[in-house]
Amino acid sequence: MEFKFSKTVFSKEAILKTVYLWQQNFIIIISEDEYNFILNIESKIENGMFDISKFNSELEEQQLREQLSMQFGNLRDCIYKKAFTHFES
């Protein structure tokens with residue numbers, strides 16, 4: 001099976017993280033063209049069904065995590081550093 005995911009919607013990092021979660025039961029080969037990431041998917045188990053809805057949901061969740069990390073990562077790091085300065089002494 002082949003599925004395309006737009007580069008304008010999903011980052012390569014989100015694709016890779018989601019694929020990693022599915023690698024136990026599926027062989028997923030990632031390629032890309034100018035506009036899309038292209039995933040070729042083959043089941044490792046006999047009669048294994050690939051649930052594109054579940055995969056897409058997990059991909060959207062990973063993309064949201066990536067965006068939040070980019071947006072608030074420095075702020076989060078500063079808060080952690082400030083919170084644990086008493087323990088560094």
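Numbers for residues simply follow the sequence, beginning at 1. Only this structure's heavy atoms are used, side chains among them; waters, hydrogens and symmetry mates stay out.
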Engineer: Going by the rule side chain to side chain donor-acceptor pair (under 3.5 Å), which residues pair with Glu66 if we only count those two or more places apart in sequence or in a different chain?
Structural biologist: Lys17
Engineer: Taking only residues two or more places apart in sequence, or in another chain, which ones meet Ser11 in a side chain to side chain donor-acceptor pair (under 3.5 Å)?
Structural biologist: Gln63
Engineer: Show me the side-chain donor-acceptor pairs of residues 45-57 shorter than 3.5 Å, one per line, residues at least two apart or across chains.
Structural biologist:
from: Asp51; atom 1: OD1; to: Ser53; atom 2: N; distance (Å): 3.1
from: Asp51; atom 1: OD1; to: Lys54; atom 2: N; distance (Å): 3.2
from: Asn56; atom 1: ND2; to: Glu60; atom 2: OE2; distance (Å): 3.2

Engineer: Above 12 or not: heavy atoms from other molecules or residues under 6.0 Å from CD of Gln23?
Structural biologist: yes
Engineer: Using distance only, find each side-chain donor-acceptor pair of residues 32-42 under 3.5 Å and give its atom names and separation, not counting sequence neighbours.
Structural biologist:
from: Glu32; atom 1: OE1; to: Lys7; atom 2: NZ; distance (Å): 2.6
from: Glu32; atom 1: OE2; to: Lys12; atom 2: NZ; distance (Å): 3.4
from: Asp33; atom 1: OD1; to: Tyr35; atom 2: N; distance (Å): 2.9
from: Asp33; atom 1: OD1; to: Asn36; atom 2: N; distance (Å): 2.6

Engineer: Listed by chain and number, what are the side chain to side chain donor-acceptor pair (under 3.5 Å) partners of Thr8, not counting sequence neighbours?
Structural biologist: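 Side chain to side chain donor-acceptor pair (under 3.5 Å) check on Thr8 returns Ser6.
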Engineer: Hydrophobic side-chain clustering at under 4.5 Å (ILVMFWY, transitive links): who's grouped with Ile29? Put none if nobody.
Structural biologist: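 Its cluster partners, ordered by chain and number, are Ile27.
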Engineer: Any side-chain to backbone donor/acceptor pair from Ser69 onto Arg65? Under 3.5 Å, distance only.
Structural biologist: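 The answer is no, because no donor-acceptor pair under 3.5 Å joins these two groups.
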Engineer: In a check of side-chain contact (heavy atoms from CB on, under 4.5 Å) between Leu59 and each of Leu21, Ile15, Val9, Leu64, which one passes?
Structural biologist: Ile15
Engineer: Which residues pass the side chain to side chain donor-acceptor pair (under 3.5 Å) test with Gln62, not counting sequence neighbours?
Structural biologist: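 Partners of Gln62 by the side chain to side chain donor-acceptor pair (under 3.5 Å) criterion come out as none, since no residue qualifies.
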Engineer: Listed by chain and number, what are the salt bridge (Lys or Arg N to Asp or Glu O under 4.0 Å) partners of Glu13, not counting sequence neighbours?
Structural biologist: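 For Glu13, no residue satisfies salt bridge (Lys or Arg N to Asp or Glu O under 4.0 Å) once neighbours in sequence are set aside.
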